[in-house]
Amino acid sequence: MNMKIFLFILFLVLSILNITSIRNHNKAMRTITKPLLMPVLLSAYLCSSSHPSCMIALALIFGFLGDTFLLGSGVFFTLGLFSFLLGHIFYISAFLSPVLLSKIPIYIYIFLLPYLIYGFIIYNKISPFIKSIKFQGLLYFIVLILMSFSSFLRIYTVHGYQFWLPFIGSILFVISDTVLAFNAFKSKNTCREMIVMLTYTMAQLLIIAGFID
């Protein structure tokens with residue numbers, strides 16, 4: 001077994017262990033496995049890609065910081081969200097780097113409408129529970145939506161798995177962060193926490209898989 005296959009398998013094993021630790025309320029296992037996820041995935045990406053993107057690497061590094069900070073509460077939770085915000089910005093940069101926006105047909109921007117409607121509905125539902133950080137929450141949702149839509153704009157630049165895997169991954173990221181918001185600010189629920197980690201790990205894996213050449 002070569003190193004890259006081993007690292008991807010290790011990532012999947014760590015993901016399963018982390019989700020299992022949430023179900024079993026095993027805080028020690030969760031604390032061990034969660035910070036390991038992104039470093040392992042980053043290592044797998046660097047071993048697999050002949051031309052690794054520094055933007056992708058930075059997105060994973062800030063994903064690691066976000067995972068680690070979110071294990072805490074208070075100021076650490078805020079730092080975690082800020083880390084993921086920066087991670088999304090790096091993903092936007094990676095998605096748009098090969099895209100010539102001037103070549104994108106204007107009608108493509110119609111597909112931004114479902115994102116805006118979704119963001120409006122979710123933000124209105126969650127905003128009563130985030131009174132102290134409404135602006136930060138709005139900013140985060142805007143960047144999150146732009147991250148996924150930026151992935152969609154690659155449709156004229158890349159094809160096959162290089163388009164579909166990151167795009168599906170970006171959608172899963174939106175789902176993960178939405179469920180995380182309700183779980184963190186409305187009411188905590190073990191099932192929601194498991195959904196957050198399942199969609200999050202699969203989102204990161206699919207985005208990275210789409211950037212392996």
Side-chain angles (χ1 to χ4, degrees), residues 15 17-35 37-38 59-92 95 111-152 167-207:
S15 300
L17 288 174
N18 183 262
I19 294 169
T20 302
S21 72
I22 296 171
R23 186 189 64 184
N24 296 335
H25 304 284
N26 188 333
K27 187 175 180 180
M29 180 62 72
R30 187 179 184 186
T31 303
I32 293 170
T33 55
K34 194 174 183 183
L37 289 167
M38 292 308 107
L60 291 174
I61 289 169
F62 278 92
F64 156 72
L65 292 174
D67 287 341
T68 304
F69 285 134
L70 287 182
L71 287 170
S73 57
V75 67
F76 292 107
F77 185 84
T78 304
L79 287 171
L81 292 183
F82 182 68
S83 297
F84 278 115
L85 176 70
L86 292 177
H88 291 320
I89 291 173
F90 286 123
Y91 271 141
I92 291 171
F95 292 152
F111 291 96
L112 183 58
L113 186 60
Y115 282 102
L116 295 176
I117 294 172
Y118 176 83
F120 178 78
I121 292 172
I122 296 300
Y123 182 74
N124 276 348
K125 285 182 177 293
I126 201 68
S127 60
F129 305 98
I130 56 171
K131 293 179 181 179
S132 60
I133 56 168
K134 278 193 174 184
F135 173 76
Q136 296 93 320
L138 178 61
L139 177 63
Y140 189 91
F141 264 97
I142 290 173
V143 173
L144 177 66
I145 286 170
L146 288 176
M147 181 275 295
S148 185
F149 186 67
S150 296
S151 177
F152 177 72
F167 177 60
I168 295 171
S170 75
I171 296 295
L172 288 175
F173 226 136
V174 172
I175 295 171
S176 178
D177 280 354
T178 301
V179 178
L180 173 64
F182 281 99
N183 192 62
F185 298 109
K186 189 175 181 182
S187 61
K188 285 191 176 294
N189 180 289
T190 299
C191 183
R192 281 199 198 118
E193 289 185 46
M194 294 172 65
I195 292 171
V196 167
M197 287 309 297
L198 176 62
T199 50
Y200 167 66
T201 52
M202 289 302 98
Q204 294 280 33
L205 177 61
L206 290 176
I207 290 173

Considering residues, nucleotides and ligands other than F129, do more than 12 of their heavy atoms fall under 6.0 Å from its CZ?
yes
Is there a side-chain contact between [X] and [Y] in this structure, where contact means two heavy atoms from C-beta onward sitting under 4.5 Å apart?
X    : Y    : result
I89  : F62  : no
I121 : I117 : yes
Y91  : L60  : yes
K34  : L70  : yes
N24  : M29  : no
F167 : L206 : no
F95  : I207 : yes

Can you tell me how far apart [atom1] ([X]) and [atom2] ([Y]) are? Round to the nearest 0.5 Å.
X    : Y    : atom1 : atom2 : value
F64  : Q204 : CZ    : CD    : 13.5 Å
I175 : T199 : CD1   : OG1   : 6.5 Å
I122 : K125 : CD1   : NZ    : 7.0 Å
Y115 : I171 : OH    : CD1   : 3.5 Å
N18  : I32  : CG    : CD1   : 11.0 Å
S15  : L205 : OG    : CG    : 7.5 Å

Any side-chain to backbone donor/acceptor pair from N183 onto N189? Under 3.5 Å, distance only.
yes
For F173, does its backbone N or O pair with a side-chain atom of S176 as donor and acceptor, under 3.5 Å?
no
Can you list the steps and then say if T178 with Y118 is a side chain to side chain contact (heavy atoms under 4.5 Å, CB included)?
CA-CA 10 Å; T178 301; Y118 176 83; 2.7 Å; yes
Using 30° and 60° as the class limits, which term best fits the ring planes of F111 and F152: parallel, tilted or perpendicular?
tilted
Verify whether the ring centers belonging to F77 and F185 lie closer than 6.0 Å.
yes
Result for side chain to side chain contact (heavy atoms under 4.5 Å, CB included) between E193 and one of I22, L180, I19 points to I22
